[in-house]
Amino acid sequence: MVHTAEGAARRFIARDVRAVGAALDPSGLRMVRLDVADESDGAMPLGPDEHPSPVSPGSFAEWAARLGTPAALPNIYLPSEARLSRPDGDDMFTGPELDEHARRYLTAATDARALRVRGRVLQWIALRSAVDVAGTLRWASLSCGPAFPVVAAIAGARDVGATVAATFVDTCTDALDASRRVALAHGVDPGDHRFVSIEDQPASPAAVVEPASQHLVEALALLSTVTPDETPAALADAYALVRPGGTLVFSVMLDDRPPCAGCAALGWPTGPTLDLAGVADLLAAAGIPCEDALALVPQDGIYAVVQVERP
């Protein structure tokens, strides 16, 4: 039996994802537009005076200092939490109290919403792939950070009768520890899954995951962890883990994304960015057929979540 910590109800719940349009990009990449529900739905957009300063006092400043690292993500994925997350302890959210203004920012900020939305697209893909599949599904999460979307998808797959054996891979042991705590909060037994640090090992995931073995490989943050010159090889390495009939999922920040007021000042990640033609070029450079890929673009227009089916 899994013994979950106090606060086990703190889960990254699935929300509605609907296809609302489709097109073929001139590059040959297929594109589907999505409408994805979020915690911020129905809330008023942030006003100009609601964007915090980089020198904001107290707990918000502590959270803002984490931007660009995995430690910033728990309060983005669960923006209604009253306290900051902490890197240790059974209960993740035991840090300083966040005031109402900070929680509203974490809920309504453009890029905070976009990170949750791309996570929910990943959940949607994973859960659709888990329906009516016999045997154990093998999933890998690369550069997983605190892996709220994948863990939530594992819990959802269990609820529809599927069994998942996942491998979480990261260069940061703190992020892997956080993913174990996220698993407990979702009623998922960490002992049923592998948590692998490649801090002191070759960077290729093939060092820890058998090639052509995975039904699903999640690499949402992959492009932000490597240089542009390294990106094709990193994507090819991730694709090599996918078994025939399986799926690779990665994301790209779009170069025509809407602006985010105050994001640069606070330190929100700003790239790398590509248009859909650039995504097609990247796939070609990685040796991945463009015709096997589908770009899923949520209504906010910030990220494209790219789903590649391996024949």
Side-chain angles (χ1 to χ4, degrees), residues 1-5 7-17 77-78 90 92 116 118-170 175-198 205-222 237-251 292 294 296 305 307-311:
M1 177 182 293
V2 179
H3 296 280
T4 59
R10 293 163 173 165
R11 301 183 180 187
F12 186 62
I13 62 171
R15 292 182 182 267
D16 288 341
V17 177
Y77 283 124
L78 301 179
D90 289 337
M92 180 171 283
R116 290 191 298 271
R118 77 171 187 180
R120 288 195 165 106
V121 174
L122 180 278
Q123 278 183 279
W124 179 66
I125 293 168
L127 290 174
R128 292 173 74 200
S129 72
V131 175
D132 296 328
V133 176
T136 298
L137 292 165
R138 302 199 176 277
W139 294 356
S141 179
L142 310 181
S143 300
C144 61
F148 282 87
V150 174
V151 169
I154 292 171
R158 176 198 59 208
D159 292 343
V160 298
T163 301
V164 177
T167 301
F168 297 89
V169 181
D170 209 304
L176 291 169
D177 287 342
S179 290
R180 291 186 183 94
R181 294 157 71 205
V182 172
L184 287 172
H186 285 75
V188 172
D189 188 347
D192 293 336
H193 308 280
R194 297 174 64 217
F195 296 81
V196 183
S197 170
I198 58 171
V208 293
V209 180
E210 183 182 354
S213 65
Q214 301 297 298
H215 295 87
L216 176 75
V217 175
E218 177 270 313
L220 288 179
L222 180 66
D237 285 345
Y239 182 68
L241 305 180
V242 182
R243 62 183 290 161
T247 304
L248 167 67
V249 183
F250 67 98
S251 72
D292 295 334
L294 179 66
L296 300 162
V305 177
Q307 175 182 356
V308 183
E309 304 285 349
R310 184 165 189 172

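Throughout, numbering of the chain's residues begins at 1 and tracks the sequence. Note that the structure is predicted; figures quoted are calculated from it, not measured.
Residues that satisfy the side chain to side chain contact (heavy atoms under 4.5 Å, CB included) test with Thr163, not counting sequence neighbours, are Thr136. Qualifying side chain to side chain contact (heavy atoms under 4.5 Å, CB included) partners for Pro311, counting only residues two or more places apart in sequence or in other chains: Tyr239, Asp292. Residues that satisfy the side chain to side chain donor-acceptor pair (under 3.5 Å) test with Ser251, not counting sequence neighbours, are Arg118. Applying the side chain to side chain contact (heavy atoms under 4.5 Å, CB included) rule to Ala157 yields the partners Leu127, Ala130, Trp139, Ala162, Val164; only residues at least two apart in sequence or on another chain are considered. With sequence neighbours left out, Arg180 forms a salt bridge (Lys or Arg N to Asp or Glu O under 4.0 Å) with Asp177. Contacts of Phe148 classified as ring-ring contact (aromatic ring centres under 6.0 Å, His included), with partners at least two apart in sequence or in another chain: Tyr77. Partners of Arg194 according to the salt bridge (Lys or Arg N to Asp or Glu O under 4.0 Å) rule, which considers only residues two or more places apart in sequence or in another chain, do not exist here. Under the side chain to side chain donor-acceptor pair (under 3.5 Å) criterion, Ser129 pairs with no residue at all, not counting sequence neighbours. Every residue two or more places apart in sequence or in another chain was checked for a side chain to side chain donor-acceptor pair (under 3.5 Å) with Arg181, and none qualifies. A search for side chain to side chain contact (heavy atoms under 4.5 Å, CB included) contacts involving Ala240 returns nothing, not counting sequence neighbours. Residues meeting the side chain to side chain donor-acceptor pair (under 3.5 Å) test with Glu210, sequence neighbours left out: none.
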Original post:
Taking it one step at a time, do Phe195 and Asp170 satisfy side chain to side chain contact (heavy atoms under 4.5 Å, CB included)?
Top reply: CA-CA 8 Å; Phe195 296 81; Asp170 209 304; over 6 Å; no

**OP:** Run the numbers on His193 and Thr167 for side chain to side chain contact (heavy atoms under 4.5 Å, CB included), then give the verdict.
**Re:** CA-CA 6 Å; His193 308 280; Thr167 301; over 6 Å; no

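In this structure, Arg120 is not positioned above the aromatic face of Trp124 in the sense of NZ or CZ being under 6.0 Å from the six-membered ring centre and within 45° of the axis.
When all heavy atoms of Arg10 and Ala185 are compared, the pair lying nearest together is O-CB, 3.9 Å. Looking at every heavy atom in both residues, Arg310 comes nearest to Val242 through NH1-O, 2.9 Å.
One finds the CZ atom of Arg128 at 7.0 Å from the CD atom of Gln307 (value rounded to the nearest 0.5 Å). Here Leu241 contributes atom CG and Gln214 contributes atom CD; the two are 6.5 Å apart, rounded to the nearest 0.5 Å. Here the straight-line distance linking atom NE2 of His186 with atom CZ of Phe12 works out to 8.0 Å at 0.5 Å rounding.
Of the listed residues (Leu294, Leu296, Val17), just one forms a side chain to side chain contact (heavy atoms under 4.5 Å, CB included) with Ile125, and that residue is Leu296.
Annotation: side chain of Pro190 is in contact with side chain of Leu184 (closest heavy-atom distance under 4.5 Å). Looking at Phe168 and Val151, their side chains come closer than 4.5 Å, going by heavy atoms from C-beta outward. You'll find the side chain of Asp192 stays beyond 4.5 Å of the side chain of Val188, heavy atoms only. Using a 4.5 Å heavy-atom threshold, the side chains of Leu176 and Val196 count as separate.
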Please tabulate, for the side chains in residues 215-222, all donor-acceptor contacts under 3.5 angstrom to protein atoms that are two or more places apart in sequence or on a different chain.
unit_1	atom_1	unit_2	atom_2	d
His215	ND1	Arg138	N	2.9
His215	NE2	Arg243	NH1	3.2
Glu218	OE1	Ser141	OG	2.4
Glu218	OE2	Leu220	N	2.8

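In this structure, Ser179 contributes its side chain and Ala175 its backbone to a donor-acceptor pair below 3.5 Å.
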